Amino acid sequence: LADALGCLIDAGQVAVFPSWETLPHERLSPRSDTVGRRLAVLRRLVHPGTTPDAGALEVVVAPIRSVLQPQVRGLADLEPVELGRGEEAELDDVVRRLADAAYTRVDLVTKRGEFAVRGGIIDVFPPTEDHPLRVEFFGDEVDEIRHFSVADQRSTDPVEHVWAPPCRELLLTDDVRARARELAAAHPELGEMLEKLAEGQAVEGMESLAPALVDGMELLVDLLPQDATVLVCDPERVRTRAHDLVATSDEFLAASWAAAAGGGKAPVDLGAAAFWSLADVRQHTLGSGRAWWSTSPFMLDDDRPTAETGETDDFARIDVDGVNLPFVATPSYRGEVERSLVDLKGWLSDGTRVALVTPGEGQAARSVEVLGEHDIPARFHPTVTVDDLTPHVVHVMCGDIAHGLVAEGIDLVVLTQDDIVGQTAAAPRDDRKMPSRRKKQIDPLELTPGDYVVHEQHGVGKYVEMMQRTVQGAVREYLVTEYAA
């Protein structure tokens, strides 16, 4: 969705607000790169213009998990560690600021959230960067900043600045450490973790204690501009996902490690970190004066084809909170090129503006040739504006939009390569993720019923069986795991 929006408006004005990989009450901490990306988005929302090479945001794309989960109040106000080439900065002060921002000091930087000091050189790997940075000091002046390779530690291309957001959403400030010390004295069953926090040592899963250590929690919607609109895409799926998240979160809270340590009764109230229900978030958003919309491909007009009638929903209108918008999805030709050419000629003869979006310039050039061979006028646009779209000619351009639309009210048709050929492009590889080395891999076929298995997100369960299911015509194998109630 963010990639598609980046084709319609400035891509720099669209950001993705990722969710934790863990549940609020799990004894696991979210990854540093996830935290860094979240804090960078919050910083741009509340303090636009303070992030290098990034202005104000127009659109924030967030999974429902991020919308329902409360976060520590004031995260958007956390100041990153910033350094610019030629600026004055004391090396010891920079080291202290990195440590306060939850960066881990190591001998050799290999992962995000780490930093190392060697003489007048600081190596740091901000969670928002693709590669670590090497900062060389000449006295108290930042002399040079370069990227370097994790594999061989060699410096590469120079850069002008370092922007390093915190790596954790719960920072061990003096106030947090003092509260941890008080809780440790009052709740000895949590003493092992709280004593380390009181000493300033970060502990895995310490974010689960945030409600007891900070002044308050807030939602993502609380940080949106007052005139912002929350748009829920595909509300049917969102409601189902939200219900499952809330139920799972409540189960973890009821049977959490903290409750177990207290003999079945939670010694500290951690309910403030639990997922909100979708209805509560909606009421909270509307109560703050912000708008809340939802979109659905199901229409109000019974004369139109819908999923309920048994017909294809490719032509279903978009419904926004009970209002049918004048947009319908373009037909899915599924490789029937001749049929698409007939429709194109019909639209052009009616004076409708037509845009054809392809993934690359090579495909765009080929599309212009094919259309010309069938006596359909076409023109390629490296960049395009609304004024460039004129009737009686197909305007070919590049973009990442998956599916097009027919806008009847403004005489506009947008077609994509996927609409015509019926093939979905391969998902782009996420080069941000560092390769991980997995040890002690187990072949699922070697498991026997009753064996314990550990899932990366859901935890410990028992292996039941391997089973096959047919999904969209393809036979897939699934590993069935049983978890305690």
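Computed from a prediction, not measured in an experiment: that's the story for all the values here.
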Subject >> Full working for side chain to side chain contact (heavy atoms under 4.5 Å, CB included) between Lys462 and Tyr452 >> reply: CA-CA 5 Å; Lys462 286 186 178 181; Tyr452 288 101; 3.6 Å; yes

**OP:** Please check if atom CD in Glu21 has more than 12 non-hydrogen atoms from other residues, nucleotides or ligands closer than 6.0 Å.
**Re:** yes

Subject >> Arg65 side chain vs Ser19 backbone, donor-acceptor pair below 3.5 Å >> reply: no

Original post:
With distance as the sole test, does Thr285 use its side chain to make a donor-acceptor pair with the main-chain N or O of Val281 at under 3.5 Å?
Top reply: yes

Original post:
If only atom types and distance count, is the side chain of Asp250 paired as donor or acceptor with the main-chain N or O of Ala247 below 3.5 Å?
Top reply: no

Original post:
If you measure only the distance, is there a donor-acceptor pair under 3.5 Å linking the side chains of Thr416 and Asp419?
Top reply: yes

Original post:
Taking all non-hydrogen atoms of both residues, which atom of Gln363 and which atom of Pro359 are closest, and how far apart?
Top reply: OE1-CD, 3.1 Å

Subject >> Between Asp157 and His147, a side-chain donor and acceptor under 3.5 Å >> reply: yes

Subject >> Val414 side chain reached by Val357 side chain, heavy atoms, under 4.5 Å >> reply: yes

**OP:** Supply the atom-to-atom distance Leu1 CG to Asp234 CG, rounded to the nearest 0.5 angstrom.
**Re:** 11.5 Å

Subject >> Within-4.5 Å side-chain heavy-atom neighbours: Val421 and Gln417 >> reply: yes

Subject >> Glu338 and Tyr333: CA distance, side-chain angles, deciding distance, side chain to side chain contact (heavy atoms under 4.5 Å, CB included) verdict >> reply: CA-CA 9 Å; Glu338 294 298 330; Tyr333 298 100; over 6 Å; no

Original post:
Among side-chain atoms of Asp77 and His47, is any donor-acceptor pair under 3.5 angstrom?
Top reply: yes

**OP:** Report the C-alpha distance between Arg27 and Glu204 in whole Å, list the side-chain angles of each, state the deciding distance to 0.1 Å, and finish with yes or no for salt bridge (Lys or Arg N to Asp or Glu O under 4.0 Å).
**Re:** CA-CA 7 Å; Arg27 198 174 181 177; Glu204 181 73 12; over 6 Å; no

Subject >> Student check: side-chain heavy atoms of Val124 and Glu114 closer than 4.5 Å >> reply: no

**OP:** Please tell me if the side chains of Val41 and Val16 come closer than 4.5 Å, counting only heavy atoms from C-beta onward.
**Re:** no

**OP:** Please say whether more than 12 non-hydrogen atoms of neighbouring residues, nucleotides or ligands are located less than 6.0 Å from NZ in Lys345.
**Re:** yes

**OP:** Count the heavy atoms of every other residue, nucleotide or ligand shown that sit under 6.0 Å from CD of Glu79, and state whether that count exceeds 12.
**Re:** no

**OP:** Provide the closest heavy-atom pair for Gln71 versus Leu42 in the form atom of the first, atom of the second, distance.
**Re:** NE2-CD1, 3.7 Å

Original post:
If only atom types and distance count, is the side chain of Ser66 paired as donor or acceptor with the main-chain N or O of Pro18 below 3.5 Å?
Top reply: yes

Original post:
Does any N or O in the side chain of Arg290 come within less than 3.5 Å of the main-chain N or O of Pro225, such that one atom is a donor and the other an acceptor?
Top reply: yes

Original post:
Does the side chain to side chain contact (heavy atoms under 4.5 Å, CB included) test come out yes or no for Leu224 and Val230, once each step is laid out?
Top reply: CA-CA 9 Å; Leu224 298 177; Val230 178; 4.0 Å; yes

Original post:
Would you say Leu245 and Trp276 make side-chain contact, with heavy atoms under 4.5 Å?
Top reply: no

Original post:
Is there a side-chain contact between Leu133 and Pro126 (heavy atoms, below 4.5 Å)?
Top reply: yes

**OP:** Search all heavy atoms of Ala242 against all heavy atoms of Ile64 and return the closest pair with its distance.
**Re:** CB-CG1, 4.2 Å

**OP:** To the nearest 0.5 Å, tell me how far Phe275 CZ sits from Gln69 CD.
**Re:** 5.0 Å

Original post:
Which atoms form the tightest heavy-atom contact between His392 and Leu348, and what is the distance?
Top reply: ND1-O, 3.1 Å

Subject >> Test side chain to side chain contact (heavy atoms under 4.5 Å, CB included) applied to Phe125 and Thr104, step by step >> reply: CA-CA 10 Å; Phe125 202 160; Thr104 304; over 6 Å; no

Original post:
Ignoring hydrogens and geometry, is there a side-chain-to-backbone donor-acceptor pair from Glu218 to Gly74 under 3.5 Å?
Top reply: yes

Subject >> Test item: Arg353 and Thr390 side chains (from C-beta on) under 4.5 Å apart, heavy atoms >> reply: no

Original post:
Is a side-chain donor or acceptor of Arg112 paired with a backbone partner of Glu129 at a separation under 3.5 angstrom?
Top reply: yes

Original post:
Taking atom NE2 of His131 as the centre, does the number of heavy atoms from other residues, nucleotides or ligands within less than 6.0 Å exceed 12?
Top reply: no

Subject >> Test item: Ser249 side-chain N/O and Val246 main-chain N/O as donor-acceptor pair under 3.5 Å >> reply: no

**OP:** Find the distance between CG (Leu220) and CZ (Arg38) and round it off to the nearest 0.5 Å.
**Re:** 8.0 Å

Original post:
How far apart are the closest heavy atoms of Ser208 and Gly205, and which atoms are they?
Top reply: OG-O, 2.6 Å

**OP:** Look at the aromatic rings of His381 and His395 and report parallel, tilted or perpendicular, splitting at 30° and 60°.
**Re:** tilted

Original post:
Got a second to check how far Ile401's CD1 is from Asp3's CG, nearest 0.5 Å?
Top reply: 11.0 Å

**OP:** Using distance alone, with no hydrogens and no angle criterion, decide if Ser29 and Arg168 have a side-chain donor and acceptor under 3.5 Å apart.
**Re:** yes

Original post:
Roughly how far, to the nearest 0.5 Å, is the NE2 atom of His243 from the CZ atom of Arg239?
Top reply: 12.5 Å

Original post:
Would you say the side-chain atoms of Asp388 pair up with the backbone N or O of Thr385, donor to acceptor, closer than 3.5 Å?
Top reply: yes

Original post:
Below 4.5 Å, heavy atoms only, C-beta onward: do Tyr463 and Thr448 meet side chain to side chain?
Top reply: no

Original post:
So, Asp350 side chain and Thr352 main chain: donor-acceptor pair closer than 3.5 Å or not?
Top reply: no

Subject >> Minimum heavy-atom distance His403-Asp418, with the two atoms named >> reply: CE1-OD2, 2.8 Å

**OP:** To the nearest 0.5 angstrom, please state how far the CG atom of Leu170 sits from the CD atom of Glu207.
**Re:** 6.0 Å

